[in-house]
Chemist: 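Just dropping this structure here.
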Amino acid sequence: MAKKTGELLLKLRGLMKSHGQLSAYIVPSDDPHMSEYVSENFHRRAYVSGFTGSAGTAIVMLDKALLWTDGRYFLQAEKEMDENWTLMKAFMPGTPMKRTGLPPTLQRHRKWELTRRLAPSHDSRPLAKNWEVLV
């Protein structure tokens, strides 16, 4: 059964607006150590999206919420996410990569939040080249 995320996303978007009109909030699956098995206190992506698979990245924008995951988890993600989320089927034809395929509206604003403690620095470098990082 899909987790209802409407109220949570509404609150998160309110926080995004109150912190300098953030365009995107990026929620990775990783912990700072790139552990294979992530401790429950790092299950932030599952909390915000409902998707409990071990691989995926959620990006919450002011007008949409996207989740990238690979083929192992397409069916699971479709079952666990509600209508507020769009599944981005990673590595499938026509699906933009999360680092390069963000909407043009986001590219204009170029403000996003990725807490460095939640993601290894090598994962955020490609984003940081093109975006203003607000930590």
Side-chain angles (χ1 to χ4, degrees):
M1 176 178 243
K3 175 183 177 176
K4 296 296 178 191
T5 61
E7 188 175 323
L8 179 68
L9 289 172
L10 189 63
K11 289 179 183 178
L12 177 56
R13 289 175 175 135
L15 288 170
M16 289 167 63
K17 289 176 185 176
S18 70
H19 285 84
Q21 193 68 20
L22 292 176
S23 299
Y25 189 78
I26 302 169
V27 187
S29 299
D30 304 324
D31 70 6
H33 309 289
M34 294 291 294
S35 303
E36 182 176 356
Y37 300 102
V38 179
S39 171
E40 199 168 311
N41 62 322
F42 288 105
H43 289 188
R44 291 170 177 89
R45 191 234 331 125
Y47 175 76
V48 76
S49 70
F51 171 61
T52 62
S54 63
T57 300
I59 300 181
V60 178
M61 293 170 267
L62 297 175
D63 61 344
K64 62 182 76 175
L66 308 173
L67 178 108
W68 274 263
T69 193
D70 63 63
R72 298 172 294 168
Y73 299 105
F74 292 167
L75 295 175
Q76 179 181 350
E78 288 171 351
K79 287 181 183 177
E80 293 180 342
M81 294 188 309
D82 69 6
E83 68 281 353
N84 295 299
W85 288 86
T86 300
L87 175 60
M88 305 300 286
K89 295 181 176 183
F91 311 111
M92 296 298 290
T95 300
M97 298 296 291
K98 66 184 174 218
R99 293 185 174 132
T100 59
L102 295 171
T105 54
L106 243 151
Q107 294 173 10
R108 282 195 305 268
H109 296 295
R110 301 170 68 111
K111 288 186 179 180
W112 55 277
E113 173 78 17
L114 171 67
T115 304
R116 292 195 186 276
R117 289 176 289 151
L118 300 184
S121 61
H122 76 271
D123 193 48
S124 61
R125 275 188 225 134
L127 288 168
K129 286 180 185 176
N130 301 314
W131 293 60
E132 177 184 350
V133 182
L134 304 174
V135 191

Chemist: For the pair R45 (side chain) and G53 (backbone), establish whether a donor and an acceptor sit closer than 3.5 Å, ignoring hydrogens and angles.
Modeler: yes
Chemist: How about T69 and L87: do any of their side-chain heavy atoms sit closer than 4.5 Å?
Modeler: yes
Chemist: Where is the tightest heavy-atom contact between H19 and L15, given as atom of each residue plus distance?
Modeler: ND1-O, 2.8 Å
Chemist: Looking only at atom types and distance, does a side-chain atom of K3 sit under 3.5 Å from a main-chain N or O of Y47, one as donor and one as acceptor?
Modeler: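 Here the side-chain-to-backbone pair exists.
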Chemist: Spell out, yes or no, whether W85 and M1 are grouped together once hydrophobic residues are joined by side-chain heavy atoms under 4.5 Å, including indirect joins.
Modeler: no
Chemist: Hey, is the main chain of S29 close enough, under 3.5 Å, to the side chain of R44 for a donor-acceptor pair?
Modeler: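 No.
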Chemist: Minimum heavy-atom separation for K89 and F74, please, with both atom names.
Modeler: CB-CZ, 3.2 Å
Chemist: Flag yes if more than 12 heavy atoms outside E7 fall under 6.0 Å of its CD atom; otherwise flag no.
Modeler: no
Chemist: Could I get the full list of side-chain hydrogen bond (donor to acceptor under 3.5 Å, both in side chains) partners for S54, not counting sequence neighbours?
Modeler: Y73
Chemist: To the nearest 0.5 Å, what is the distance between OG (S23) and CG (D63)?
Modeler: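 Reported value, rounded in 0.5 Å steps: 9.5 Å.
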Chemist: In Å, rounded to the nearest 0.5 Å, how long is the span from CG of L9 to CG of L62?
Modeler: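 Result: 11.5 Å between the selected atoms.
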Chemist: Atom CG in D82, atom CZ in F51: separation rounded to 0.5 Å?
Modeler: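 If I round to the nearest 0.5 Å, the distance is 14.5 Å.
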Chemist: Measuring from M61:CE to I26:CD1, what's the distance to the nearest 0.5 Å?
Modeler: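 It comes to 9.5 Å.
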Chemist: Measuring from T57:OG1 to L67:CG, what's the distance to the nearest 0.5 Å?
Modeler: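 Here the interatomic distance stands at 7.5 Å.
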Chemist: For the residue pair Q76 and M81, establish whether any side-chain heavy-atom pair is separated by less than 4.5 Å.
Modeler: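 They are not in side-chain contact.
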Chemist: Here's a test for you: under side-chain contact (heavy atoms from CB on, under 4.5 Å), which of V60, L8, T5, L10 qualifies with N84?
Modeler: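 When side-chain contact (heavy atoms from CB on, under 4.5 Å) is applied between N84 and each of V60, L8, T5, L10, only T5 qualifies.
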Chemist: How many angstroms lie between OG1 in T52 and NE2 in H43, if you round to the nearest 0.5 Å?
Modeler: 9.0 Å
